[in-house]
Colleague: 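Below you will find the structure I want to go over with you.
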Number of protein chains: 2
Amino acid sequence: MLTIGELSRQTGVKIPTIRYYEQMGLMDAAERSEGNQRRYTREEQDRLSFIRHARDLGLTIEAIRKLIDLSAHPERPCADADRIASEQLQAVRAKIEKLKRLESELERIATHCHGDQVKDCYVIRALANHELCEHEH
Amino acid sequence: MLTIGELSRQTGVKIPTIRYYEQMGLMDAAERSEGNQRRYTREEQDRLSFIRHARDLGLTIEAIRKLIDLSAHPERPCADADRIASEQLQAVRAKIEKLKRLESELERIATHCHGDQVKDCYVIRALANHELCEHEH
DNA sequence: CTTGTAGCTCTAGTTGCTAGAGGTGTTACG
DNA sequence: CGTAACACCTCTAGCAACTAGAGCTACAAG
């Protein structure tokens, strides 16, 4: 059995975050010691690693909850799990696209300032005047 | 003079968000009508467009506040404005890099599921088992 | 003059944590 | 066996950047 601190070190999830996941129902309420401290099993460590990995991939707590429900019913079709992963992939791709557009605009803004006073500053002017932008956002 | 609703339509910033920006000190407290309703000038519309543009680019409220302070002092050197834009550019690039790594992992996860029950599902297994990952995150 | 839309303030909720206060449990050393 | 150091407990509040709702008032058109 692991203490919460050991579990934290094993998984890289901070202690208050573990308690928060318990509160949110992602982790089952842990067994307790005589003195009311949480004690964790290997399975619970695996569950937490799963959660951590999914969070790193940007899945919401809600999505993770669904995946956990799914994995508790191994006989069900896995189309739902597939869908969650695909939706996440779409979301990530959309974010990348959006950020790339921002990148090119910021690049333009940040490298074009040749005045040395704010009144001539391209950064300020570009932010004030949307028309200097090359595309919509 | 514009009402808050007109200002909202002109700039694409929602009404409660405009009031929130006022509260946060990004917008000066607006002039009021007899009946205590906010009335805005052209300059205030420009200011709000500036804020909106900067927010779209991912700048924090804090960063925007600094830029507004800068633009109120046109005689100052614009190195600070440059720095804010460059920092934002760095942050955006870092995010893109991270998201690309996630994209390739999700791609792998979302396209590899050939079982049709959860017990064989690659999505679930990949999330449970970090070793299936190609790189660290 | 009335009706409908738009505005007002204030409070609380969202997501995914993180920090702090104030108290208790556990363990290692002497 | 006592005590010091550290880990753990619960609870509340805070973060960013809004968003939603309640309960009220203002304004413009017909």
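In what follows, chains carry the letters A, B, and so on, assigned in the order in which the sequence lines appear, proteins first and then strands, with residues in each chain numbered from 1.
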Colleague: Can you check whether A:Arg32 has a side-chain N or O nearer than 4.0 Å to OP1 or OP2 of D:dT10?
Modeller: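 For A:Arg32, the contact criterion (side-chain N or O under 4.0 Å from OP1 or OP2 of D:dT10) is met.
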Colleague: Quick one: B:Glu62 CD to D:dC15 P, roughly how many Å, whole number?
Modeller: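 Value for this atom pair: 12 Å.
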Colleague: Please give me the minimum heavy-atom distance between A:Ile68 and A:Leu26, naming the atom from each residue.
Modeller: CD1-O, 3.7 Å
Colleague: Any side-chain N or O of A:Thr3 less than 4.0 Å from the OP1 or OP2 oxygen of D:dC8?
Modeller: yes
Colleague: Please walk me through it: do A:Lys95 and B:Glu103 pass salt bridge (Lys or Arg N to Asp or Glu O under 4.0 Å)?
Modeller: CA-CA 10 Å; A:Lys95 271 191 204 157; B:Glu103 184 191 15; over 6 Å; no
Colleague: Can you tell me the distance, in whole Å, between the OH atom of B:Tyr40 and the C1' atom of C:dA6?
Modeller: 14 Å
Colleague: Can A:Asp46 and A:Arg42 be said to form a salt bridge (Lys or Arg N to Asp or Glu O under 4.0 Å), step by step?
Modeller: CA-CA 6 Å; A:Asp46 290 345; A:Arg42 281 282 139 186; over 6 Å; no
Colleague: What do the steps show when you test B:Arg65 against B:Glu62 for salt bridge (Lys or Arg N to Asp or Glu O under 4.0 Å), and what is the final call?
Modeller: CA-CA 5 Å; B:Arg65 209 196 311 275; B:Glu62 241 333 274; 2.9 Å; yes
Colleague: Measure from CD1 on B:Ile18 to C1' on C:dG7 and round the result to the nearest Å.
Modeller: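 Interatomic distance, CD1 of B:Ile18 to C1' of C:dG7: 12 Å.
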Colleague: Is the distance from OP1 or OP2 of C:dT9 to the nearest side-chain N or O of B:Arg38 less than 4.0 Å?
Modeller: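 So the side chain of B:Arg38 is within the cut-off, an N or O lying under 4.0 Å from OP1 or OP2 of C:dT9.
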Colleague: What are the two closest non-hydrogen atoms of A:Glu6 and A:Met1, and how far apart are they?
Modeller: OE1-O, 4.0 Å
Colleague: Round to a whole Å and report the spacing from CG of A:Leu7 to P of D:dA7.
Modeller: 15 Å
Colleague: Hey, does the side chain of A:Ser8 reach the backbone of A:Ile4 with a donor-acceptor pair shorter than 3.5 angstrom?
Modeller: no
Colleague: Take atom CD1 of A:Ile4 and atom P of C:dT26, then tell me their distance rounded to the nearest Å.
Modeller: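 Taking CD1 of A:Ile4 and P of C:dT26, I get 14 Å after rounding.
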Colleague: Over how many whole Å does the gap from B:Leu2 atom CG to C:dG7 atom C1' extend?
Modeller: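 Computing the B:Leu2:CG to C:dG7:C1' distance gives 15 Å.
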Colleague: Could you check how far CE of A:Met1 sits from P of C:dT26, rounded to whole Å?
Modeller: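 Atom CE in A:Met1 sits about 13 Å away from atom P in C:dT26.
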Colleague: With a cut-off of 6.0 Å (strictly less than), are more than 12 heavy atoms of other residues, nucleotides or ligands near CD of A:Glu31?
Modeller: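 No, not enclosed.
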Colleague: Where along residues 19-30 of chain B does a heavy atom come under 4.0 Å from DNA chain D, residue by residue in number order?
Modeller: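 Residues of residues 19-30 of chain B that come under 4.0 Å of DNA chain D are, in numerical order, B:Tyr20, B:Tyr21.
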Colleague: Consider the side chain of A:Arg55, meaning its heavy atoms from C-beta on, and name the nucleotide among D:dC8, C:dC17, D:dT19 that approaches it most closely.
Modeller: C:dC17
Colleague: Taking 4.0 Å as the cut-off, does a side-chain nitrogen or oxygen of B:Thr60 come that near to OP1 or OP2 on D:dA16?
Modeller: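 False: B:Thr60 side-chain N/O out of range (4.0 Å or more) of D:dA16 OP1/OP2.
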Colleague: When you measure from the side chain of A:Glu44 to the backbone N and O of A:Met27, does any donor-acceptor pair fall under 3.5 Å?
Modeller: no
Colleague: Are any side-chain N or O atoms of B:Glu87 and backbone N or O atoms of B:Ile84, one a donor and one an acceptor, separated by less than 3.5 Å?
Modeller: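 No, the answer is negative, given that no donor and acceptor are paired below the 3.5 Å cut-off.
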Colleague: Protein-nucleotides 27-30 of chain D N/O pairs closer than 3.5 Å?
Modeller:
residue	atom	partner	partner atom	Å
D:dC27	OP1	B:Ser33	OG	3.2
D:dC27	OP1	B:Gly35	N	3.1

Colleague: Take the protein atom CD1 of A:Ile15 and the nucleotide atom C1' of D:dC6, then report the distance between them rounded to whole Å.
Modeller: 11 Å
Colleague: With a 4.0 Å cutoff (strictly under), does any side-chain N or O of B:Lys14 reach OP1 or OP2 of D:dT19?
Modeller: yes
